[in-house]
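Residue numbering restarts at 1 for every chain, and letters A, B, ... go by the order of the sequence lines. Values reported hereafter were calculated over all heavy atoms of this structure, with side chains retained and with hydrogens, waters and symmetry mates removed.
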Number of protein chains: 2
Amino acid sequence: MPAPIPEEQHRMDRDALLDAAERLFYARGIQAIGMDAVRAASGLPLKRIYRFFATKEDLVLAVLNRRDQRWRASLTAYVEPVTDPRERVLAIFDWLADWFAEPGFRGCAWINAHGELGASSAAVLAEVRSHKRAFHDQVAQWVHATQLPVAEPVFLLAEGAIVTAGISGEPAPARHARAAVASMLGVS
Amino acid sequence: MPAPIPEEQHRMDRDALLDAAERLFYARGIQAIGMDAVRAASGLPLKRIYRFFATKEDLVLAVLNRRDQRWRASLTAYVEPVTDPRERVLAIFDWLADWFAEPGFRGCAWINAHGELGASSAAVLAEVRSHKRAFHDQVAQWVHATQLPVAEPVFLLAEGAIVTAGISGEPAPARHARAAVASMLGVS
DNA sequence: AGCCGTAGAGAACGGTCGTTCTCGATATGA
DNA sequence: TCATATCGAGAACGACCGTTCTCTACGGCT
């Protein structure tokens, strides 16, 4: 095993840091996790963490931003291969059902972050809004291909399913939302 | 003005405490508000606050519980007088639109509390779930009177509108959800 | 009037937070 | 080889948290 090049090590450490922080923040809440817990979970010295991100808020923003990219890429990879436009819209809700059934699912990280920090951190609020706008626009684009003017209700049903599954802990909202969308799209 | 009877004073003080705590918690987040800020805003000595509620968590639960009663009573008072079952369901979304337009609207207090404390306080989680279940059941009952099997999508559209309006700060989701429900109910 | 239980105001306590500093060890380069 | 720069480990710092304690003052009763 060759010794990693410094730059590569730097990137690996940064990823390990973001991985550890994301897992802790999502599972227990951002404010409930101290920087020392991030240090212990990532294995990186505190000094290095603060060289990657000057403040905890910067770390939180980086975690949310990277999760946004991964979350939307995963959704797109699942949905885009479906060729029929109406089936493609329904696939969104199949993907949501899989997500809700994941062990440790605890709702939408951005809705949770908004509840925690939306009032006190303008930067977090902006990040949350950016994620939701991107998701909205992507959904609207897929719905647009069906030629049916139901982009807003499809988006609201998705959001309602996400928040309801997150609070109740049950995956049923994905099925309910999917059935409603199928009806709106005229899929029997 | 007659001097208030001690019992009455006790109730007034308790209300003032809950009023102050609710306003602060909702506007700035629960964890962002220290007990000293509650003391300053309520005008009550800290000792008396802790005689009303032994811990901050108890105060939070009381605030959420009282808000739940008030919130659902307000919705019911707005919706119940509408006699036509389908118009009554639509009235839910008119009420939501009014709520979203209120100054200082910052989303659903229970969704926000879930994001802040759902992972660390089992009691808060239970209170949030109780509120959402009560809202769900009330909506389902009103929808049931229309004889149409659309209780779940109506509820999910309401939740989606609430969470989207809370994050975006715009009241439009109430209109979008209302239009979708009108279509599902066959109201032209 | 004089005692006593209770009140309010705010200091104090133990703990935790985000962030910075110290300090000994290690690596680097001429 | 030796000076120098950099690093990790963790103590330290100042601020703030939820909660409790101290101390003074007052009110009601005999």
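For DNA chain D, the outermost nucleotides in 5' to 3' order that have an atom under 4.0 Å from a heavy atom of chain A are D/dC7 to D/dG8.
A straight line from CD of B/Q31 to P of C/dT16 spans 15 Å, rounded to a whole angstrom. Rounding to whole angstrom units, NZ of residue A/K56 and C1' of C/dC17 are separated by 8 Å. In this structure, A/R39 places its CZ atom 14 Å from C1' of C/dG18, rounding to the nearest Å. Note: CE (B/M35) to P (C/dG14) measures 20 Å, nearest angstrom.
A donor-acceptor pair is defined here as one N or O able to donate and one able to accept, closer than 3.5 Å; such a pair exists between the side chain of A/K56 and the backbone of A/I30. In this structure a side-chain-to-backbone donor-acceptor pair under 3.5 Å is present from B/R129 to A/I167.
Between A/R133 and A/D137 there is no salt bridge, since none of the side-chain N atoms of the basic residue sits less than 4.0 Å from a carboxylate O of the acidic one.
Residue A/I33 is classed as a sugar-phosphate contact, given heavy-atom separations below 4.0 Å to backbone atoms only.
With a 6.0 Å cutoff to the six-membered ring centre and a 45° limit on the axis angle, A/R67 counts as a cation-pi contact of A/Y26.
Nearest heavy-atom pair across A/I162 and A/C108 is CG2-CB, 3.5 Å. Of all the heavy atoms in B/L64 and B/W110, the pair that sits closest is O-NE1, 3.6 Å.
Non-hydrogen atoms lying under 4.0 Å from DNA chain C are contributed by B/P45, B/K47, B/R48, B/R51, all within residues 41-54 of chain B.
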### Query
Does the pair B/F93 and B/V154 meet the rule for a side-chain contact (heavy atoms from CB on, under 4.5 Å), with working shown?
CA-CA 10 Å; B/F93 295 87; B/V154 168; 4.0 Å; yes
### Test salt bridge (Lys or Arg N to Asp or Glu O under 4.0 Å) applied to A/E159 and A/K132, step by step
CA-CA 9 Å; A/E159 286 295 314; A/K132 286 302 183 191; 3.1 Å; yes
### Message
With salt bridge (Lys or Arg N to Asp or Glu O under 4.0 Å) as the criterion, how do B/D19 and B/R23 come out once you've worked through the C-alpha distance, each side chain's angles and the decisive distance to 0.1 Å?
### Response
CA-CA 6 Å; B/D19 286 346; B/R23 195 163 38 81; over 6 Å; no
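A perpendicular orientation is assigned to the rings of A/W99 and A/W71, their planes being inclined by more than 60° (bins at 30° and 60°).
The shortest distance between side-chain heavy atoms of B/L157 and B/M184 falls below 4.5 Å.
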### Message
Give the dot-bracket line for DNA chain C from 5' end to 3' end: parentheses for intra-strand Watson-Crick or G-U pairs under 3.5 Å, square brackets for crossings, | for inter-strand pairing, dots for unpaired.
### Response
||||||||||||||||||||||||||||||
